[in-house]
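Please read the structure below before turning to the comments.
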Amino acid sequence: MRTRTLTLLAATVSAGLALSACGANSAGSGNSGDSKSSASAPAGGGASGKVGVILPETATSARWEAFDKPMLQAALSAQGFSADIQNAQGDNQKFSTLADGFISSGVKVLIIAPSDPAVGAAIEAKAKNAGIPVIDYDRPSLGGSAGYYVSFDNEKVGEIQAQGLADALKSKPGANVVQIEGAPTDNNATLFANGHDKVLQPLYDSKALNRVQKQAIDNWDAQVGGTTFEQIFTRVNGKVDGVVAANDELAGAVITVLKKNGLNGKVPVTGQDATPAGLQAILRGDQTLTIFKPIKEEAENTAKLAAALAKGDTAAADAIATGKLHDPKNNRDLKSVLLQPQLITIKDIKTVVQQGYVKASDICTGDLAAKCTENGIS
């Protein structure tokens with residue numbers, strides 16, 4: 001499975017960018033490494049040359065162009081690189097073509113976030129033959145040969161979401177839960193789902209909660225997610241007490257269905273990416289929580305890794321990537337930087353705004369102005 005995964009603008013980036021986005025295993029169980037290396041990781045510095053970056057798409061998540069691209073550009077430039085950042089727009093053939101171009105031009109490092117892990121693995125084999133180091137950015141290419149992976153602890157994301165929902169349903173023994181998961185081709189979505197199950201399966205087993213259905217949504221398509229949830233909702237005659245939605249876009253689609261049935265704000269719904277729409281849904285009381293993933297940290301750690309690899313300094317790279325992700329396809333542990341996700345409920349929204357990822361003016365509109373004031377958002 002994969003993710004559809006994200007989120008918001010930083011102070012170092014043009015404050016005018018808006019967002020509405022997303023977005024992540026011991027033998028199938030997930031990101032078990034730590035992330036202590038992230039913020040305090042030693043900088044590579046003094047790098048030079050060209051780095052090629054390929055981002056996956058823009059259709060399902062504004063994060064890639066609004067945040068990842070400018071933040072990677074700034075971070076790689078700070079390390080001394082000339083960065084060429086392209087977006088494959090969800091087209092696997094275009095992704096491969098862009099990679100071929102970067103490899104043939106002899107980039108110092110190739111950074112990729114493929115929609116399809118098999119595409120990423122094929123690209124990594126070509127890059128390895130050309131002697132070009134590859135960093136998996138945000139999404140791992142399972143079965144591939146990249147030396148390093150930078151992302152968030154995505155199983156932890158799922159655990160936080162599931163625990164938040166379980167806490168919201170404590171007063172409802174046997175509550176009916178629906179899980180609307182991300183794309184089955186996105187390993188991040190698999191990790192989110194693993195985290196959900198880690199928390200929720202024991203509760204299902206003990207009958208504290210009841211799982212109505214768990215459904216992955218192809219391509220993280222919110223419209224399909226909404227239709228799927230509505231079909232489930234109808235099948236159980238509206239007896240849904242809580243919904244794990246893997247990201248804010250899927251959460252929004254679920255909330256639309258609940259609203260049609262007068263249940264928005266009454267049925268807890270999770271999300272991810274701290275998008276403006278997701279934060280507004282939390283302010284309205286329609287969404288219970290979201291997950292904030294500070295992309296600037298992800299970009300900066302990737303740039304530091306790239307600088308070390310461009311100089312052939314694997315010791316410096318290993319000092320940055322102190323975590324690991326198990327790749328069950330080739331039974332290896334991929335050296336990783338696994339950053340910590342943050343739970344965002346209504347009282348935490350001000351943190352996202354204060355860090356510059358979302359502007360107060362983007363969310364504190366109309367009837368939400370008073371809510372923002374009440375929660376210290378300005």
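Note that the coordinates shown come from a computational prediction; the quantities given were computed from them, not determined experimentally.
Between the side chains of N87 and E57, no donor-acceptor pair is found at a separation under 3.5 Å. Counting only N and O atoms by type, the side chains of D248 and Q287 include a donor and acceptor under 3.5 Å apart. When only modelled atom types and interatomic distance are considered, T58 and Q89 share a side-chain donor-acceptor pair under 3.5 Å. T290 and Q272 share no side-chain donor-acceptor pair at under 3.5 Å. Remark: the E297 side chain and the N301 side chain contain no N/O donor-acceptor pair separated by less than 3.5 Å. Side chain to side chain, T345 and D348 meet the donor-acceptor criterion of an N or O pair below 3.5 Å. Between T256 and E230, the side chains place no donor N or O within less than 3.5 Å of an acceptor N or O (distance only, hydrogens not considered). Side chains of Q223 and D221: no donor on one and acceptor on the other come within 3.5 Å.
Here the OH atom belonging to Y148 is positioned 10.5 Å from the OG atom belonging to S336, to the nearest 0.5 angstrom. For the atom pair CD of E249 and CD1 of I180, the computed distance is 14.5 Å after rounding to the nearest 0.5 Å. Remark: L72 CG to I85 CD1 distance equals 5.0 Å, nearest 0.5 Å. Considering SG of C364 and NZ of K359, their distance stands at 12.0 Å, rounded to 0.5 Å. Residue D327 holds its CG atom at 11.0 Å from OH of Y149, rounded to the nearest 0.5 Å. If you take CG on L283 and SG on C372, they are separated by 5.0 Å, rounding to the nearest 0.5 Å.
Between the side chain of N261 and the main chain of V257, a donor-acceptor pair closer than 3.5 Å is present. One N or O on the side chain of S104 and one on the backbone of G101 form a donor-acceptor pair closer than 3.5 Å. One N or O on the side chain of T373 and one on the backbone of A369 form a donor-acceptor pair closer than 3.5 Å. Remark: side-chain polar atoms of D273 are not paired, donor with acceptor, to backbone N or O of T275 under 3.5 angstrom. Without hydrogens or angle criteria, T234 side chain to Q231 main chain gives no donor-acceptor distance under 3.5 Å. Judged purely by atom type and a 3.5 angstrom limit, D362 has no side-chain atom pairing as donor or acceptor with the backbone of V358. Within the 3.5 Å criterion, the main-chain N or O of Q340 finds no donor-acceptor partner in the side chain of D153. Remark: the backbone N or O of A319 is not paired with any side-chain donor or acceptor of T322 at under 3.5 angstrom. Of the possible polar contacts, none joining the N129 side chain to the A127 backbone as a donor-acceptor pair under 3.5 Å is found.
The closest side-chain heavy-atom distance from V236 to N176 is not below 4.5 Å. No side-chain heavy atom of Q215 sits less than 4.5 Å from a side-chain heavy atom of F229. Contact check for E124 versus D136: side-chain heavy atoms found under the 4.5 Å cut-off. Between P133 and L110 there is no side-chain heavy-atom pair separated by less than 4.5 Å. In this structure the side chain of D116 never reaches within 4.5 angstrom of the side chain of T185, judged on heavy atoms. Between I291 and Q161 the shortest side-chain heavy-atom distance falls below 4.5 Å. Proximity of V254 to V267: side-chain heavy atoms (C-beta onward) are nowhere separated by under 4.5 Å. Here the side chains of V243 and V177 are not in contact, with every heavy-atom distance at 4.5 Å or above.
Residues S141 and P117 share a closest heavy-atom pair of CB-O, 3.7 Å. Among all heavy-atom pairs drawn from I103 and I123, the shortest one is CD1-O, 4.0 Å. Of all non-hydrogen atoms in L250 and E181, the two that sit nearest each other are CD1-O, 3.9 Å. The minimum heavy-atom distance between F81 and K108, with the atom names listed, is CE2-CB, 4.5 Å. For P328 against L142, the heavy-atom pair with the smallest separation is CD-CD2, 4.5 Å. Nearest heavy atom pair, residue A253 against residue A222, reads CB-O, 3.2 Å.
Checking each of V178, D197, L200 against K214 for a side chain to side chain contact (heavy atoms under 4.5 Å, CB included) leaves exactly one that passes, namely D197.
We find that D138 and R63 are joined by a salt bridge, their nearest charged nitrogen and carboxylate oxygen being less than 4.0 Å apart. With salt bridges taken as basic N to acidic carboxylate O contacts below 4.0 Å, none links K304 and E300.
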request  = For side chain to side chain contact (heavy atoms under 4.5 Å, CB included), just list the numbers for D241 and L169, CA-CA rounded to whole Å, side-chain angles, deciding distance to a tenth of an Å, and then say yes or no.
outcome  = CA-CA 8 Å; D241 300 304; L169 294 173; 4.3 Å; yes
query = Is there a side chain to side chain contact (heavy atoms under 4.5 Å, CB included) between R284 and N264 once you walk through the steps?
reply = CA-CA 10 Å; R284 291 192 182 97; N264 56 304; over 6 Å; no
request  = Could you check Q213 against Q179 for side chain to side chain contact (heavy atoms under 4.5 Å, CB included), going step by step and ending with a plain yes or no?
outcome  = CA-CA 6 Å; Q213 189 168 333; Q179 292 177 227; over 6 Å; no
task = Step by step, work out the side chain to side chain contact (heavy atoms under 4.5 Å, CB included) result for L55 and I112.
result = CA-CA 6 Å; L55 301 177; I112 61 172; over 6 Å; no
